[in-house]
Amino acid sequence: MYDAKSEVSKLLSKYTEGLNEQQLYDMLEVPPSPEMGDLALPCFKLSKHLRKPPVQIAESLAASVPKTDFIDKIKAVSGYVNIFLNRAIFIDKLLAEILDTGKVFGSSDEGRGKNIVIDFSSPNIAKPFHIGHLRSTVIGNALYRMFKFMGYNCIGINYLGDWGTQFGKLIVAYKKWGDEDKVRKDLVKELVSLYVRFHEEAESDPALEDEARYWFAQLEKGNEEALALWRWFVDISLEEYAKIYDVLGVKFDLFQGEAFFNDKMEPVVNELKAKGLLVESEGAMIVDLEDEDMPPCLILKSDGSTLYATRDITAAIYRKNTFDFYKCIYVTGVSQSLHFKQVFKVIEKMGYDWHKDLHHVPFGTVSIGGEKLATRTGKVILLEDLLTQAISKTAAIIEEKNPDLPDKEEVARQMGVGAVIFSDLFSNRIKDVAFSWDEILNFDGETGPYVQYTHARACSVLRKAGDVKLNAFDSSLLSSDEEYSLAKTLADFPSKVKQALDELEPSIITRYLVDVAHDFNRFYHVHSILVEDEVLKTSRLALTQAAKTVLRSGLELIGLSAPERV
RNA sequence: GCGCCUGUAGCUCAGUGGAUAGAGCGUUCGACUCCGACUCGAAAGGUCGCAGGUUCAACUCCUGUCAGGCGCACCA
């Protein structure tokens, strides 16, 4: 691919003593404003070695470097060497590449033969899927698609919360007050109300807690009645989650919950013991991490039963053995940061050098009205309700603006869901979010529908143009500020994808898409595309096609659909 | 108490040690006989939490401090 920066650093290296190409490449930066040029070399650092003031260095450099075909102008400005690229050549190479590579523009095969395990979404069985679970789902899904784009083989795992004492409670509640038909009809909603009723009744009747413990113990022992009910609860929940994942367009390669590891933890505990890491403390078995300035990692409760960390360590080892991952990524709330630090450290202490391939990808907390979400207090917004609202709002807009649109329902779903996902992936993931209906259902400005609309508009122009041989474009006709600015933004796509993956930060793509959409809309507004002049029309169509390609790829990377008509 | 994270425009947020700190929303003003106006342009709006320090250069790095969030032993 054409990289103007490396061309420029190659050229400059011939005129700068003691600086090689790579050093220059790293020093080159993009000026704050396009009138200053396309690339700039700050000369302040060179001042010491060359024993000359930066202003002088810049000036002599600007004077000595000859103009080449790909550079239009070199100007020294207060210590910077500002470089203006030849617009036609830049656009020519860029468009040729995008038209040629199409939807694989920006992708690579750097991940060939490498497995990435991504643990995401992971809701708790028999609990409603609320907006708190959305973030893990949507961030994990975006990372999955981004890694895949770079040629990695991804294994998306839904690590369901499908085990624990709450199942004892649920079994008791169902046996006492449950009604099979009701559960079949209302699914998780009914399970939740059984769960809530259990807590209400347990306040006046503490014996219920004992019963729940009894039934969970039965479950762990493999009692058939208990197991059958548990399986049923899991199936009901999965059925309901499947609908949500379907609406969101999210897929998993594996549903492998906590229960899967029940019979796999004992060998790991023994291994910890054998490696001398397990010590007794206050009745429990722990791995001491004081030398790492961390609280201890609890492995076994005083009654001998296992904990969260036990299961996660076991799961990590299992995944390494099964998938031999290049990276294993956990997408969970920031509140679990310490937990993962401890788990990773224990794995390091066990002598596994792949501990460095484990990555926790934390995200900020969702609150509503200043309070944290909580199923028990009813402080939740069900994802189903949110998606329904977003979709019906989009449907209403389509009905008003474009009632003849074919496939209206599907487009409404794509854009409504798109708005929700986009807004979740817009800020840096570490930021806390205060949920607001107004904000999430506002489709103006930097939103998913804005980008989707822009993409559809590009599609519309191309459709209207009919059959045009885009390769016959003439880049010298695309030298206006709007066209050049759009081209430069499009050229950034590959490096943005790379950066987003380096930082495991999908929001880099999300915000980049807004830039592309904005640049395209400005170009579209200032210049007519479907003009009489055939060559000019072809050239602008080629640029439109390039923008469409990047918008579509970017939208798909963050898990949005890119409908051709909206 | 200790640890981690976050403090940038009225609000929501960007911002690789470099030039005049940028978007969107909201406000005000403007642009449709036109390829889709869910669009585009402009104005107003900032002691980058505060105080030191490092540097030719700090929103960015370091130290301290204040405010908020999240953790810190038998929940996950």
Side-chain angles (χ1 to χ4, degrees), chain A residues 26-27 29-33 36 40 42-45 47-48 53-54 77-80 82 122 124 159 161 163-166 258 281-286 293-312 332-339 341-342 362 364-365 367 372 394 397-398 400-402 415 423 426-428 430-434 436 438-439 442-447 449-454 456-465 482 499 507-508 511 514-515 517-518 520-531 537 540-541 544 565-566:
Chain A
D26 294 338
M27 281 174 75
E29 44 191 63
V30 178
S33 133
M36 296 169 162
C43 298
F44 310 98
K45 279 175 193 150
S47 188
K48 261 183 199 154
V77 181
S78 55
Y80 292 89
N82 288 347
S122 310
N124 289 323
Y159 187 54
W163 202 251
T165 45
Q166 74 266 27
E258 297 170 353
S281 167
E282 295 173 33
M285 299 304 281
I286 64 160
D293 287 323
M294 270 188 255
C297 183
L298 280 270
I299 302 294
L300 295 176
K301 298 186 208 171
S302 18
D303 68 2
S305 55
T306 59
L307 284 133
Y308 185 31
T310 326
R311 215 173 291 268
D312 270 359
T332 81
V334 67
S335 61
Q336 294 184 37
S337 291
L338 177 60
H339 163 74
K341 256 176 91 177
Q342 292 176 311
T365 314
S367 66
K372 263 173 72 174
T394 319
I397 295 174
I398 291 173
E400 186 197 333
K401 307 269 182 182
N402 195 1
M415 292 189 83
S423 113
F426 190 72
S427 304
N428 288 346
I430 202 66
K431 299 260 183 177
D432 289 346
V433 292
S436 140
D438 286 349
E439 249 173 73
N442 172 26
F443 298 165
D444 296 328
E446 301 167 322
T447 65
Y450 167 72
V451 177
Q452 285 171 317
Y453 173 77
T454 304
R457 166 183 267 177
C459 290
S460 164
V461 174
L462 289 160
R463 200 163 47 234
K464 205 148 273 183
E482 294 79 21
Q499 191 194 350
S507 66
I508 288 169
R511 279 194 304 270
V514 171
D515 290 343
H518 186 248
F520 177 76
N521 280 323
R522 202 168 37 191
F523 155 67
Y524 174 90
H525 190 257
V526 175
H527 302 282
S528 293
I529 298 167
L530 300 177
V531 291
K537 180 170 89 176
R540 289 186 177 156
L541 280 169
T544 303
R565 301 167 195 257
V566 304

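Only a predicted model underlies this, so the values are computations on that prediction, with no experimental measurement involved. Residue numbering restarts at 1 for every chain, and letters A, B, ... go by the order of the sequence lines.
Donor-acceptor pairing under 3.5 Å, judged by distance alone, is present between the side chain of A:S302 and the base of B:rC74. Side-chain atoms of A:S460 and base atoms of B:rG36 include a donor and an acceptor less than 3.5 Å apart. For A:N82 against B:rA19, a side-chain-to-base donor-acceptor contact under 3.5 Å is present. For B:rA73, its base sits under 3.5 Å from the side chain of A:S281 at one donor and acceptor pair at least.
OP1 and OP2 of B:rG3 both lie 4.0 Å or more from every side-chain N or O belonging to A:K341.
B:rC38 atom P lies 16 Å from atom NE2 of A:H518, rounded to whole Å. Distance A:L300 CG to B:rC75 C1': 16 Å, rounded to the nearest Å. Between A:N402 atom CG and B:rA37 atom C1' there is a gap of 14 Å when expressed in whole angstrom units. Taking atom CD1 of A:I286 as the reference point, atom P of B:rC72 lies 15 Å away to the nearest angstrom. Rounded to an integer number of Å, the gap from A:N521 CG to B:rG24 C1' is 14 Å. Distance, A:F523 CZ to B:rG36 P: 14 Å, rounded to whole Å. If you take CE of A:M294 and C1' of B:rG3, they are 11 Å apart, rounded to a whole angstrom. At whole-Å resolution of the value, CE in A:M285 and P in B:rA73 are 18 Å apart.
At the heavy-atom level, A:A40 lies under 4.0 Å from base atoms of the strands shown. Within the nucleic acid shown, A:Q452 has no heavy atom closer than 4.0 Å to any nucleic acid atom. When heavy atoms are screened at a 4.0 angstrom cut-off, A:L307 is found touching the sugar-phosphate backbone but no base atom. A:S528 comes within contact range of at least one nucleobase, with a heavy-atom separation under 4.0 Å. Residue A:V30 is classed as having no contact, given no heavy-atom separation below 4.0 Å to the nucleic acid.
At distances below 3.5 Å, not a single donor-acceptor pair connects side-chain atoms of A:S281 with backbone N or O atoms of A:A284.
Distance noted for atom C1' between B:rU27 and B:rG10: 10 Å (whole Å). Taking atom C1' in both B:rG7 and B:rA14, the straight-line distance is 15 Å, to the nearest Å. Remark: the separation of the C1' atoms in B:rC66 and B:rG52 is 15 Å, to the nearest Å. Spacing between B:rG49 and B:rU60 at atom C1', rounded to whole Å, works out to 16 Å. B:rG64 sits 16 Å from B:rG1 when the P atoms are compared, rounded to a whole Å. Separating the C1' atom of B:rG41 from that of B:rG53 is a span of 45 Å, rounded to the nearest Å. To the nearest whole angstrom, the two P atoms, one in B:rC61 and one in B:rU8, are 16 Å apart.
Annotation for A:K341: atom NZ does not count as buried by contact number, only 12 or fewer foreign heavy atoms lying within 6.0 Å.
The ring pair (Phe, Tyr, Trp, His ring centres under 6.0 Å) test applied to A:H518 returns no partner, not counting sequence neighbours. Shown here are the side chain to side chain donor-acceptor pair (under 3.5 Å) partners of A:Q342, two or more places apart in sequence or in another chain: there are none.
With hydrogens and angles left out, the side-chain atoms of A:D438 and A:S436 include no donor and acceptor closer than 3.5 Å. Looking only at atom types and distance, the side chain of A:N402 has no donor-acceptor partner in the side chain of A:R565 under 3.5 Å away.
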In dot-bracket form, 5' to 3', how is RNA chain B paired? Count Watson-Crick and G-U wobble pairs only if both distances fall under 3.5 Å, and write | where the partner sits on another strand.
(((((((..((((....[...)))).(((((.......))))).....(((((..]....))))))))))))....

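Minimum atom distance to the side chain of A:L298 is reached by B:rA73, of the listed B:rA73, B:rG36, B:rU39.
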